[in-house]
Structure formats: structure tokens, C-alpha cells
*Asks:* 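Have a look at this one.
Just so you know, residue 1 is the first one in the sequence shown, and it goes up from there.
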Amino acid sequence: MLKNTNNPEGCEQADFVSALLALVFTLDGPDGVRSSFETSARFQGYEGTLHGGMISALLDAAMGECLFSKGILAVTAEMTVRFLRPVPLDRTVDLRAVLVSARHGLFLLSAGLSLDDRPLARATGKFRRRA
């Protein structure tokens, strides 16, 4: 599990979504993180599929954890989500995020949700360093 020693509360996760869902992120290359998530009817949108809000929250959490893994505390300034395919329930999906660029306290990230290497959703996000 990733841990940020810069976090004054000593929390092991960057945000409440990661903590609430017990997401465990590991490093994935020099600028990325990865995790998995078991979809369930608890988060159902239309019948048999994961709610779009939950998909967005997972992608946002992954990007936040990516920054967190580098000791960067930042907040989401802008996020765009592309829903590529329905996310089925009762499956384990892969969640990844990567830091694309950093400049003047602004960070650009991308994230993806996939099942069996098939992309289901992707996002880009701009984050700003927390004041």
C-alpha cells in the first residue's frame, strides 16, 4: 500500500473514496499506480452495470492516488471522463492512473478502467497543488 509521509493526518490513502472502498494501490512504472475493484450491485446504475458516478469516482481516486504516491497533495481542478463500454457487475476490474506532466503546481494525469485488458472507461484530469 502506498503511504504519504507528507500527509499531516497520517492517512494511508489520498481520499475518502479510496479509503471507503478499501482500494489498495501499488506502483505501476515510474509515474503510475494500479489497483483493482470488485463491482457489485451496491453501486449499480442501469440494470447489470456500474453507475457512471462510481466509475468517475474510481478514476478520480486513481489519479489522486497517483499524485499521492509521489508525495504531492493536490485537488481535482478539471476532469473529463469517456465511458467506452458498460462496466458489468460482479467482476474485478483493473484501475490505473499515470502522471502525464507537471508544471507550475499543475498536474495532468490520465486514468483507465478495464476488464481483461479491454478498456471500459478513461479519464484525463488536471490537478492543482493543495494550498
*Asks:* If I compare all heavy atoms of L89 with all of A41, which pair ends up nearest, and what's the gap?
*Replies:* CD1-CA, 3.9 Å

*Asks:* R85: which residues meet the side chain to side chain contact (heavy atoms under 4.5 Å, CB included) condition with it, sequence neighbours left out?
*Replies:* R118, P119, L120

*Asks:* Ignoring hydrogens, what is the shortest heavy-atom contact between F37 and L58? Give both atom names and the distance.
*Replies:* CD2-CD1, 3.7 Å

*Asks:* Report the residues that fulfil side chain to side chain donor-acceptor pair (under 3.5 Å) with D31, sequence neighbours left out, ordered by chain and then residue number.
*Replies:* K70

*Asks:* Taking all heavy atoms of L67 and all of A74, pick out the closest pair and write down the distance.
*Replies:* CD1-CB, 3.7 Å

*Asks:* How would you list, by chain and number, every residue that makes a side chain to side chain donor-acceptor pair (under 3.5 Å) with R91, sequence neighbours excluded?
*Replies:* D116

*Asks:* The criterion is side chain to side chain donor-acceptor pair (under 3.5 Å); which residues satisfy it with Q44, sequence neighbours excluded?
*Replies:* none

*Asks:* Rounded at 0.5 Å granularity, tell me how far CE in M54 sits from CZ in R42.
*Replies:* 7.5 Å

*Asks:* Is there a chain of hydrophobic side chains (I, L, V, M, F, W, Y, each step under 4.5 Å between heavy atoms) that links L99 to L108?
*Replies:* no

*Asks:* Return the set of residues passing side chain to side chain donor-acceptor pair (under 3.5 Å) with T76 (not counting sequence neighbours), or none when no residue passes.
*Replies:* D60

*Asks:* Partners of S56 by side chain to side chain contact (heavy atoms under 4.5 Å, CB included), sequence neighbours excluded?
*Replies:* M79, V81, F83

*Asks:* E47: what forms a salt bridge (Lys or Arg N to Asp or Glu O under 4.0 Å) with it, not counting sequence neighbours?
*Replies:* none

*Asks:* Which atoms form the tightest heavy-atom contact between L23 and F25, and what is the distance?
*Replies:* CB-CE1, 3.6 Å

*Asks:* Indicate, with yes or no, if V93 and L84 share a hydrophobic cluster defined by side-chain heavy-atom contacts under 4.5 Å among Ile, Leu, Val, Met, Phe, Trp and Tyr.
*Replies:* no

*Asks:* If you round to the nearest 0.5 Å, how far is CZ of R129 from CZ of F107?
*Replies:* 4.0 Å

*Asks:* Please identify each residue that fulfils side chain to side chain contact (heavy atoms under 4.5 Å, CB included) with T92, with sequence neighbours left out.
*Replies:* S36, E38

*Asks:* Counting distance only, does the side-chain N/O of T49 pair as donor-acceptor with the main-chain N or O of P88 below 3.5 Å?
*Replies:* no

*Asks:* Run the side-chain contact (heavy atoms from CB on, under 4.5 Å) check on L109 and F127 step by step: do they pass?
*Replies:* CA-CA 8 Å; L109 292 100; F127 289 70; 3.5 Å; yes

*Asks:* Going by salt bridge (Lys or Arg N to Asp or Glu O under 4.0 Å), name the residues that satisfy it together with R96, two or more places apart in sequence or in a different chain.
*Replies:* D28

*Asks:* Closest heavy-atom contact between A97 and C66?
*Replies:* O-SG, 3.9 Å

*Asks:* For S69 and V33, work out which heavy atoms get closest and say how close.
*Replies:* OG-CG1, 3.8 Å

*Asks:* Taking only residues two or more places apart in sequence or in another chain, which ones pass side chain to side chain contact (heavy atoms under 4.5 Å, CB included) with A121?
*Replies:* I55, L59, L113

